[in-house]
Enquirer: 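For reference, the structure I am asking about is given below.
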Amino acid sequence: MQRKAKHGKSYRERGVALLFALFTLLLLSAIAASLMFMTNTESSVNTNYRSERLSAFAAKAGMEEVRDRMTALNTAAKLPTTLPPAAGSVLYVLNEGAAPGTVKPWTAGNTYMDDEMCHDFAAVQGQQPAPDVRCTTPPTSAYLVAGTLAAPVTSNYPWAGTSAALSYKWVRVTLKQSNSVQLYPVNGATATQVCWNGSTEVLLSGAATCQTMAKSANPVYMITSLAASASGSTRRMVQAEVALSPAQPFPYGLFATGNACPSLNFHGGGNSDPATDSFTTANNGTYGTTQSNTLGDVGSNGGVSLSGHSQIGGAIAVPSLLATPPAAPDPCSGAQGDYSTSGANAGAYNPGNQFPGNVPVQSGPYIFPTPSDPIPAPPNTAYTGGSTLVPGTYGNVSTNGTLTLSPGVYNMYSLTIGGGSGTVTVSPPGVVVINFPSASANPLSISGQGIANPTLIANNFQINYGGTGTMSIAGKGSEYAIVDAPNAAMTVAGNGDFFGRIVAKTIDYGGNGKFHFDRNSALGPQSNGGYQVISMREISY
């Protein structure tokens, strides 16, 4: 009987191990499924994060491309000059990859419509939405800078126009107005253009442009960049504020940086008074509309000598006016210190003492930065090509005829214009910068008709040289240019008038031509360096 009970008990326990095995297998399956789900979730999260970061970096790359191209010699001719929604207030740079015609941010319903702009400029849309609500009204083609609709500006990054293009779609450039960054107005004001004074953003005030404000400033631009992944599942937008650092005003049209006696020798100007005067091309000014017999200032870190009929229509800056200047560090000597005149008509132009400021004043010494050598370095070989050049690197360029330059940057070893009709001109009108290497001993020699700058704006023809050689300009025509050669010996002669600014180590100004200081060039030429980033942010999108 006992044996039978034991067998009965064992029968009742049969299958328990199988049941536990099934439960264990079910548990392990659940754990495995959970791990797989978690892995897929992590992979999906990582994929989404990676896609978002790629889009964010692509948007930043688009912003950096346009910032790099926003120089006076690239897209400056197309940079907006007014605030939206006025015509000519928006510039788009497109990056359509291998699908041209697909990116039209100014078109309602386009896949990449600009649905952010109404946050930056309230007048774009009737009712300005909250920052985290997309705009329903895009900018229209009427906003665009003239000509960009017919010939849109496109990316020039590597692989642009191919399937391997960066994934940003468009970059928008506008001027910044206060409250463009919604809810954060500059100085509490709205609908006013914002300027950059080199250290902080300020509102445009008391002048038509930032550049002509009482304290030097430059306009602030907003660069907004949109990137989207290939599938369109992720979009990121980056916005930056950029500006050029303003140059510090310098009041002298002719200035010799050397300490020789004299460093500035002025014996030109013909027989008419004054031999120097001033004008400004700011705000579309011309010599005819802004000429003044004063402010045609000259100066030197050494001595200034005036002879003949050279009456200076402005201040004359020298280091010392002492009757007996110190022997060191001032190397000059003489009864008049660093300032001397010879001839009955030489001196400061000041009839009837109507310009009390036109007297010798103490100055400096002033130190000017040495222009950098051009890269790539131009070769010291004769240029044998045609007489019409495009921006680039050249050797020794010489002609007795007309040399035509397209707007842009030129690196030359030397430039010689001679003959009775020799001329260097710019066509079409625009900005030309000529850089000479410091190794060139005689980088510039211009005679004949001289420099023909059709814009009549001195800042639009810039000559830079960091070497210690000699330079000369002796044209017969009216020459609008600026020369920055603080270590060189500069000679100006001929019968043509010079309009602009000259800085050199020594300056010998003779001939019958007068000197007209363009006060607009006192702020220096438009910087050809990159626009500096004032701020940058990712926009919730």
Enquirer: Do the rings of Tyr252 and Phe250 sit parallel, tilted or perpendicular, given the 30° and 60° boundaries?
Expert: perpendicular
Enquirer: Taking the six-membered ring for Trp, are Trp170 and Tyr92 parallel (under 30°), tilted (30 to 60°) or perpendicular (over 60°)?
Expert: perpendicular
Enquirer: With no hydrogens and no angle check, is any side-chain donor or acceptor of Asp518 less than 3.5 Å from a backbone partner on Gly500?
Expert: no
Enquirer: Do any N or O atoms from the side chain of Arg501 and from the backbone of Ile482 form a donor-acceptor pair under 3.5 angstrom?
Expert: no
Enquirer: Pairing donors with acceptors under 3.5 angstrom, does anything connect the side chains of Asn460 and Gln462?
Expert: no
Enquirer: Distance-only, no hydrogens or angles: does the Asp297 side chain make a donor-acceptor pair with backbone N or O of Ala315 under 3.5 Å?
Expert: yes
Enquirer: Please check: side-chain N/O of Asn435 versus main-chain N/O of Val409, any donor-acceptor pairing under 3.5 Å?
Expert: no
Enquirer: Quick check: does any side chain N or O of Asp373 sit under 3.5 Å from a backbone N or O of Ser438, one acting as donor and the other as acceptor?
Expert: yes
Enquirer: Find out whether Arg69 and Val153 are in side-chain contact, i.e. whether some heavy atom of one side chain is under 4.5 Å from a heavy atom of the other.
Expert: yes
Enquirer: Can you see which heavy atom on Thr341 is nearest to which on Gly347, and at what distance?
Expert: CG2-CA, 4.1 Å
Enquirer: So, applying ring-ring contact (aromatic ring centres under 6.0 Å, His included) with Tyr509, which one of Phe266, Phe498, Phe255 is it?
Expert: Phe266
Enquirer: Provide the full list of ring pair (Phe, Tyr, Trp, His ring centres under 6.0 Å) pairs with a residue in residues 463-487, sequence neighbours left out, each pair given once.
Expert: Tyr480-Phe499
Enquirer: With a 6.0 Å cut-off (strictly less than), is the heavy-atom count around NZ of Lys514, excluding the residue itself, greater than 12?
Expert: yes
Enquirer: Could you tell me whether the side chain of Ile502 reaches within less than 4.5 Å of the side chain of Met471, counting heavy atoms only?
Expert: no
Enquirer: Quick one: which residue pairs count as a ring pair (Phe, Tyr, Trp, His ring centres under 6.0 Å) with a foot in residues 372-406, not counting sequence neighbours?
Expert: Tyr383-Tyr394
Enquirer: Spell out, as yes or no, whether a donor-acceptor pair under 3.5 Å connects the side chain of Ser225 to the backbone of Val171.
Expert: no
Enquirer: Please walk me through it: do Asp277 and Tyr287 pass side-chain hydrogen bond (donor to acceptor under 3.5 Å, both in side chains)?
Expert: CA-CA 10 Å; Asp277 62 6; Tyr287 181 77; 2.5 Å; yes
Enquirer: Without swapping roles, check the side chain of Gln239 against the backbone of Met222 for a donor-acceptor pair under 3.5 Å.
Expert: no
Enquirer: For Gly258, does its backbone N or O pair with a side-chain atom of Ser263 as donor and acceptor, under 3.5 Å?
Expert: yes
Enquirer: Check whether the side chains of Asn396 and Ser414 place a donor and an acceptor atom closer than 3.5 Å, and report yes or no.
Expert: yes
